[in-house]
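First comes the structure, then the notes that go with it.
Each chain gets a letter, A, B and so on, in the order its sequence line appears, and its residues count up from 1.
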There are 2 protein chains.
Amino acid sequence: MAQLAPAPSPRGVPEATVARLPLYLRALTSLSDRGVATVSSDELAETAGVNSAKLRKDLSYLGSYGTRGVGYEVEFLRHQITREIGLTQDWAVVIIGIGNLGHALANYGGFASRGFRIAALVDADERRSGEEVAGLKVRHSDELEDVIETLNISIAVVATPAHAAQAVCDRVVAAGITSILNFAPAVVQVPEGVELRKVDLSTELQILAYHEQRKNGAALALTAEQAVELAKAVRG
Amino acid sequence: MAQLAPAPSPRGVPEATVARLPLYLRALTSLSDRGVATVSSDELAETAGVNSAKLRKDLSYLGSYGTRGVGYEVEFLRHQITREIGLTQDWAVVIIGIGNLGHALANYGGFASRGFRIAALVDADERRSGEEVAGLKVRHSDELEDVIETLNISIAVVATPAHAAQAVCDRVVAAGITSILNFAPAVVQVPEGVELRKVDLSTELQILAYHEQRKNGAALALTAEQAVELAKAVRG
DNA sequence: AGTTGTGAAGTACTTCACAGCA
DNA sequence: TGCTGTGAAGTACTTCACAACT
């Protein structure tokens with residue numbers, strides 16, 4: 001079978017835009033809850049926390065869903081974005097690694113309301129097998145491949161310790177999974193065609209620390225060149 | 001006092017580079033643990049999961065820490081990056097909202113080993129006050145400002161429900177915090193000069209769903225134009 | 001009159017490819 | 001010889017500013 005487009009985004013929606021669609025969806029849901037029927041790009045951008053030129057450009061990749069001189073119909077636009085992201089169907093998710101974080105993810109209410117169904121929980125520790133978490137029995141990781149196939153899982157959430165992450169990813173990929181969300185603080189390699197996203201808590205804190213240091217230590221963190229500039233400035 | 005540079009990054013390290021420094025640091029730590037003393041940009045890039053041109057360019061913003069023809073000295077480079085990020089000091093963190101996620105974050109071992117010290121836990125629910133989590137007593141959110149000042153907190157981690165997030169951020173900013181990591185699924189506005197990063201679990205899943213849909217539904221997701229192209233191609 | 005949708009300009013990031021140095 | 005450090009070229013994203021439309 002010939003491929004029509006180079007794998008992702010047939011209509012060529014930029015990756016940066018895709019990453020913002022969930023944000024717009026949330027803003028629209030919030031407006032909808034407040035009973036707002038129509039919204040301008042300025043107002044919607046404000047609600048979503050982006051600038052309006054960017055918002056309009058982003059939406060233009062999906063189609064012409066607004067009305068000039070008026071704005072966007074909230075429900076209509078919400079439906080279009082929902083469809084674009086693929087949330088008109090629901091996606092079965094397996095969480096692998098039921099430690100503190102896995103527990104928290106299993107109990108996180110935000111998934112179900114957004115088109116994701118946590119279909120299975122898996123852990124390598126036999127003592128956890130059978131334990132009930134968030135209304136689901138934890139299964140032993142021997143059953144991982146079986147669970148993925150039987151329950152028609154599309155997305156794997158990896159919440160294992162770092163040392164186990166690569167092996168787990170290898171197994172779910174071999175079982176046919178092509179979308180992985182990795183919480184383990186480890187570099188994981190996956191083959192071409194498998195989408196891997198990572199959420200790394202300490203990385204985020206480190207980025208904050210970097211900026212915090214720049215703010216506090218401005219005077220201490222002068223480079224040699226800046227010191228020279230400063231000296232010149234002081235001399236007049 | 002005159003500002004020497006436009007607030008962040010005196011030496012002008014690009015934001016994209018800053019976001020990768022933690023990755024390099026982790027790769028170097030792993031090499032160091034394995035007893036590797038020297039590493040080439042190719043090897044380090046492989047370990048960190050990026051390409052080597054990008055790695056060399058990134059490192060070049062920090063200085064010339066390698067040796068041509070040889071590579072980088074692992075311990076030395078690790079120290080330089082640690083210093084650049086600001087992890088030679090440790091940073092006091094408060095976690096606000098001790099639900100499932102807050103619990104998981106409090107118990108997450110990865111922070112301490114990377115220069116972050118969880119100094120306080122705060123929750124709005126009075127029934128939680130005094131409860132011990134991860135060796136710390138949960139304090140009531142009335143004490144938030146006091147905790148921040150007394151314990152010299154630099155970074156606030158917000159793990160509250162969405163509806164409380166903005167108010168909490170307003171309060172910590174008023175108390176002098178300039179770095180916030182937000183896990184609440186809400187758009188939060190902060191003043192200029194406050195660094196806000198967000199981690200949004202369902203957004204990540206939605207991005208995966210988007211790509212998953214493109215893969216599976218290739219044939220179903222044809223646009224009108226593509227259908228015409230396909231028809232032409234089939235006709236010959 | 002008012003707001004979208006979008007070419008064009010501007011900015012940021014990535015990759016190439018090789019000069020420069022150990 | 002081999003590998004770093006970096007200008008230059010290429011790509012992706014953002015912002016501007018206004019024509020097109022209701």
Within the structure shown, what part of the strands sits under 4.0 Å from B:D42 by heavy-atom distance: base, sugar-phosphate, or nothing?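 It contacts nothing in the nucleic acid.
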Kindly point out which of [options] is positioned nearest to the side chain of [X]?
| X | options | value |
| --- | --- | --- |
| B:R68 | D:dT22, C:dT14, C:dA22 | C:dA22 |
| B:E15 | C:dC13, D:dT22, C:dA19 | C:dC13 |
| A:S60 | D:dT14, C:dG5, C:dT14 | C:dG5 |
| A:S40 | C:dT6, C:dT4, C:dT14 | C:dT4 |
| B:A53 | C:dC16, C:dT14, C:dA22 | C:dC16 |

Report the distance from atom [atom1] of [X] to atom [atom2] of [N], rounded to the nearest whole Å.
| X | N | atom1 | atom2 | answer |
| --- | --- | --- | --- | --- |
| A:L44 | C:dT3 | CG | P | 14 Å |
| A:L55 | C:dT6 | CG | P | 14 Å |
| B:L59 | D:dT4 | CG | P | 10 Å |
| B:L62 | D:dG5 | CG | C1' | 13 Å |
| B:R20 | C:dT15 | CZ | P | 9 Å |
| B:K54 | C:dA17 | NZ | C1' | 18 Å |
| B:D58 | D:dT4 | CG | C1' | 14 Å |
| A:K57 | C:dG7 | NZ | P | 7 Å |

Looking at every heavy atom in both A:A186 and A:A165, which two are closest together, and how far apart are they?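 Taking A:A186 first and A:A165 second, the nearest heavy atoms are CB-CB, 4.4 Å.
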Should the pair B:R214 and B:Y210 be classed as cation-pi, given the thresholds of under 6.0 Å to the six-membered ring centre and 45° from the axis? yes
Does [X] make a side-chain N or O approach to OP1 or OP2 of [N] shorter than 4.0 Å?
| X | N | value |
| --- | --- | --- |
| B:R56 | C:dT14 | no |
| A:S41 | C:dT4 | yes |
| B:Y72 | D:dG5 | yes |
| A:N51 | D:dT14 | no |

Tell me every residue that passes side-chain hydrogen bond (donor to acceptor under 3.5 Å, both in side chains) with B:N51, counting only those two or more places apart in sequence or in another chain. none
Got A:K215 and B:S179 here, is their nearest side-chain heavy-atom distance under 4.5 Å? yes
What about the rings of B:Y65 and B:F76, do their centers lie closer together than 6.0 Å? yes
